[in-house]
Amino acid sequence: MTAATTPGHGPLSGVRVVELAGIGPGPFAAMLLADLGADVVRVDRPGGVALGVDPEYDVTNRNKRSVLVDLKAPDGPARVLDLVERADILIEGNRPGVAERLGVGPEPCHARNPRLVYGRMTGWGQDGPLAQRAGHDIAYIALTGTLGMIGSPDQPPPAPANLLGDYAGGSLYLVVGVLAALHHARAGGTGQVVDAAIVDGTAHLSAMIHGMLAAGGWQDRRAANLLDGGCPYYGTYETADGKHMAVGALEPRFYGEFVDLLGLADFADARRDWARWGELREAVAARFRSRTRDEWTDVFAGTDACVAPVLSLREAPHHPHLAARGTFTEHGGITQPAPAPRFSATPTSVRGGPALPGADTSDVARDWDVPRLVDDVEDADRGTPRRVLENPQ
């Protein structure tokens, strides 16, 4: 099954994805597939989703199209199954059993389309004692041991936004899973269910640390190790203006350059001497507090000391390196990360802004040949259609 392709839309051009609207990792995973060129149709529900961002600013819905379907209406599941019949991948992020109760679980979907890859995004997974419990990113990473690795030993572990669990341990594993399953289906196999659980993915991210722990190279406590802030030449330091510098001078040559530029040549031999780490940390902290962040940025510019300024979200797009690479882009008046990674033969781009709920029903009905999606589309000249399907309430 392939959709109409448009050159320059990325390596997944021609792949069709149905996304059942949710929050967090599911929409981000679908955005990544859309960024890579897939034709992603988001099935929004009447009234939106809890904790949802204003649709006009929700960049996780960029490069997608949206239809509005009430799955609790008598014909709601049939409308979604019409899309499923023509799709390669479906993504849903409900608690286990909810999609089944709504009539769009794996069984009816595979009955309509045996080659469908059915991607399931949850925190706890499809089974296990906690599978039916509510949760969010912070609870999932807490159980995996990864949250307990972060922060100062005399403070509670900090909340690392929702990047570690929702997006790294969740979305990215879901995307890897559905693309692997799609490869299997297209190689002559059948569709299958991909169970992407944030607890599984986040635990998997810590594979190297578990190896170090088993080898005796990692202590099971915070800020006592090479990569968790315990090492004085791998961490962050405050500057004279209350901002911060990040240091990652792990290798001997980089460390040597680091202490030379700080004016701490007396500590050249302290790198592997744990007994001197406390003294080294105090000396480094004192030096960084003597100048502003921008002054230290100038000191380390063009060197291999592995030191960088800690920038804010608004500052980052203006950094010369990120600006030169186009790491961030602007579309529709919103500054946002550009699609990643990059491809030499099938470049990606931000092709459209956030999909507004129900705004693309007519186009999807035509392109996917699912005529019963459409009920009452407003005249395009009158603005974004809001009522596009039967039973929208």
Check residues 170-181 and write down every donor-acceptor pair under 3.5 Å in which the side-chain atom is one partner and the other belongs to a residue at least two apart or another chain.
| from | atom 1 | to | atom 2 | distance (Å) |
| --- | --- | --- | --- | --- |
| Ser171 | OG | Pro25 | O | 2.8 |
| Ser171 | OG | Asp166 | O | 3.3 |
| Tyr173 | OH | His204 | ND1 | 2.6 |

Answer yes if Val247 and Leu261 sit in the same cluster of Ile, Leu, Val, Met, Phe, Trp and Tyr residues linked by side chain heavy atoms under 4.5 Å apart, and no otherwise. yes
Let me confirm one number: the OG-CG distance from Ser349 to Asn63, rounded to the nearest 0.5 Å. 6.5 Å
Taking Ile198's backbone N and O only, do any of them form a donor-acceptor pair with Thr202's side chain (distance below 3.5 Å, no angle check)? yes
Any pair counted as ring pair (Phe, Tyr, Trp, His ring centres under 6.0 Å), so long as it reaches residues 85-130, sequence neighbours left out: Trp124-Tyr140
Each residue besides Leu322 in its hydrophobic cluster should be listed here, by chain and number; the cluster joins Ile, Leu, Val, Met, Phe, Trp and Tyr at side-chain heavy-atom distances under 4.5 Å. Phe328
Which residues pass the salt bridge (charged side-chain N to carboxylate O under 4.0 Å, His left out) test with Asp44, sequence neighbours left out? Arg42
Step-by-step side-chain contact (heavy atoms from CB on, under 4.5 Å) determination, Arg112 to Asp82: CA-CA 8 Å; Arg112 290 287 290 271; Asp82 283 349; 2.7 Å; yes
Any donor-acceptor pair under 3.5 Å from Arg45 side chain to Ala21 backbone: yes
Say whether, by atom type as modelled, one donor and one acceptor occur between the side chain of Arg287 and the main chain of Leu262 under 3.5 angstrom. yes
Are there over 12 heavy-atom neighbours, none belonging to Phe343, within less than 6.0 Å of that residue's CZ? yes
Indicate every side-chain donor-acceptor pair of residues 94-104 with a distance under 3.5 Å to a residue at least two apart or in another chain.
| from | atom 1 | to | atom 2 | distance (Å) |
| --- | --- | --- | --- | --- |
| Asn94 | ND2 | Glu92 | OE1 | 3.1 |
| Arg95 | NH1 | Gln132 | O | 2.7 |
| Glu100 | OE1 | Gly97 | N | 3.4 |
| Glu100 | OE1 | Arg120 | NH2 | 3.1 |
| Glu100 | OE2 | Arg120 | NH1 | 2.9 |
| Glu100 | OE2 | Arg120 | NH2 | 3.3 |

Membership question, hydrophobic clusters at under 4.5 Å side-chain separation (ILVMFWY): are Leu313 and Val53 in the same one? no
Start with the C-alpha distance between Trp296 and Ser290, add both sets of side-chain angles, then the distance that settles side-chain contact (heavy atoms from CB on, under 4.5 Å), and finish with yes or no. CA-CA 9 Å; Trp296 282 118; Ser290 69; 3.7 Å; yes
By the salt bridge (Lys or Arg N to Asp or Glu O under 4.0 Å) test, which pairs, at least two apart or in different chains, include something from residues 308-335? Arg293-Glu315
If only atom types and distance count, is the side chain of Ser206 paired as donor or acceptor with the main-chain N or O of Thr146 below 3.5 Å? no
Please report the C-alpha distance between Arg276 and Asp269 in whole Å, then the side-chain angles of each, then the deciding distance to 0.1 Å, and finally whether the salt bridge (Lys or Arg N to Asp or Glu O under 4.0 Å) criterion is met. CA-CA 9 Å; Arg276 298 190 66 191; Asp269 296 330; over 6 Å; no
Going through the checks in order, is the side-chain contact (heavy atoms from CB on, under 4.5 Å) test met by Leu116 and Asp88? CA-CA 5 Å; Leu116 180 76; Asp88 300 289; 5.9 Å; no
Assigning hydrophobic clusters by single linkage (Ile, Leu, Val, Met, Phe, Trp, Tyr; side-chain heavy-atom cutoff under 4.5 Å), is Leu143 placed with Leu164? no
Can you give each donor-acceptor pair under 3.5 Å made by side-chain atoms of residues 216-230, sequence neighbours left out, with the distance rounded to 0.1 Å?
| from | atom 1 | to | atom 2 | distance (Å) |
| --- | --- | --- | --- | --- |
| Gln219 | OE1 | Arg221 | NE | 2.9 |
| Gln219 | OE1 | Arg221 | NH2 | 2.7 |
| Gln219 | NE2 | Ala224 | O | 3.4 |
| Arg222 | NH1 | Ser152 | O | 2.6 |
| Arg222 | NH1 | Gln155 | O | 2.7 |
| Arg222 | NH2 | Gln155 | O | 3.2 |
| Asn225 | OD1 | Gln219 | N | 2.6 |
| Asn225 | ND2 | Gln219 | O | 3.0 |
| Asn225 | ND2 | Arg221 | O | 3.3 |
| Asn225 | ND2 | Asp228 | OD2 | 2.9 |
| Asp228 | OD1 | Ala224 | N | 3.4 |
| Asp228 | OD1 | Asn225 | N | 2.8 |
| Asp228 | OD1 | Gly230 | N | 3.1 |
| Asp228 | OD2 | Ala223 | N | 3.0 |
| Asp228 | OD2 | Ala224 | N | 3.3 |

If the condition is salt bridge (charged side-chain N to carboxylate O under 4.0 Å, His left out), which residues does Asp367 pass it with, not counting sequence neighbours? Arg65
Run the side-chain donor-acceptor check on residues 299-306: report pairs under 3.5 Å with partners two or more places apart or on a different chain.
| from | atom 1 | to | atom 2 | distance (Å) |
| --- | --- | --- | --- | --- |
| Thr303 | OG1 | Phe300 | O | 2.8 |
| Thr303 | OG1 | Ala305 | N | 3.3 |

If hydrophobic clusters are built by linking Ile, Leu, Val, Met, Phe, Trp and Tyr wherever their side-chain heavy atoms come under 4.5 Å apart, do Met31 and Val350 end up in the same one? no
Between Ser66 (side chain) and Gly358 (backbone), is there a donor-acceptor pair under 3.5 Å? yes
Point-to-point distance, once rounded to the nearest 0.5 Å, from CG of Leu311 to NZ of Lys243: 9.0 Å
Check Pro309 against Thr297 and note the closest heavy-atom contact, atom names and distance. CB-OG1, 3.5 Å
Output, in order, the C-alpha distance, side-chain angles, deciding distance and verdict of salt bridge (Lys or Arg N to Asp or Glu O under 4.0 Å) for Lys64 and Glu19. CA-CA 10 Å; Lys64 304 178 185 179; Glu19 174 199 354; 2.8 Å; yes
Between Arg86 and Trp368, is NZ or CZ placed under 6.0 angstrom from the six-membered ring centre and within 45° of the ring axis? no
Got a donor-acceptor contact below 3.5 angstrom from the Glu282 side chain to the Glu279 backbone? no
Just verifying a value: how many Å separate Thr122 OG1 and Asp127 CG, rounded to the nearest 0.5 Å? 9.0 Å
Ignoring hydrogens and angles, tell me if any N or O in the side chain of His136 forms a donor-acceptor pair with the backbone of Ile138 under 3.5 Å. no
Tell me the closest heavy-atom pair linking Gly326 and Ala338, and the distance in Å. O-CB, 3.4 Å
Can you establish whether the number of heavy atoms outside Asp154 located under 6.0 Å from its atom CG is more than 12? yes
With respect to Val41, which candidate in Val364, Thr361, Val80, Leu373 satisfies the side-chain contact (heavy atoms from CB on, under 4.5 Å) definition? Val364
By salt bridge (charged side-chain N to carboxylate O under 4.0 Å, His left out), which residues pair with Glu107, not counting sequence neighbours? none
For Asp363, which residues count as a side chain to side chain donor-acceptor pair (under 3.5 Å) partner, sequence neighbours excluded? Arg366
What is the distance from atom CD1 of Ile150 to atom CD1 of Ile141, rounded to the nearest 0.5 Å? 5.5 Å
Could you list all the ring pair (Phe, Tyr, Trp, His ring centres under 6.0 Å) pairs where at least one residue sits in residues 228-268, not counting sequence neighbours? Tyr233-Tyr255, Tyr233-Trp277, Tyr237-Phe288
Once rounded to the nearest 0.5 Å, what's the spacing between atom CG of Asp35 and atom CG of Leu33? 9.0 Å
Answer yes or no: is there a donor N or O on one side and an acceptor on the other, between the side chain of Asp137 and the main chain of Gly165, under 3.5 Å? yes
Within the distance-only criterion (no hydrogens, no angle test), does the side chain of Glu85 pair as donor or acceptor with the backbone N or O of Leu83 below 3.5 angstrom? no
Taking atom CD1 of Ile91 and atom CZ of Phe28, what is their separation to the nearest 0.5 Å? 12.0 Å
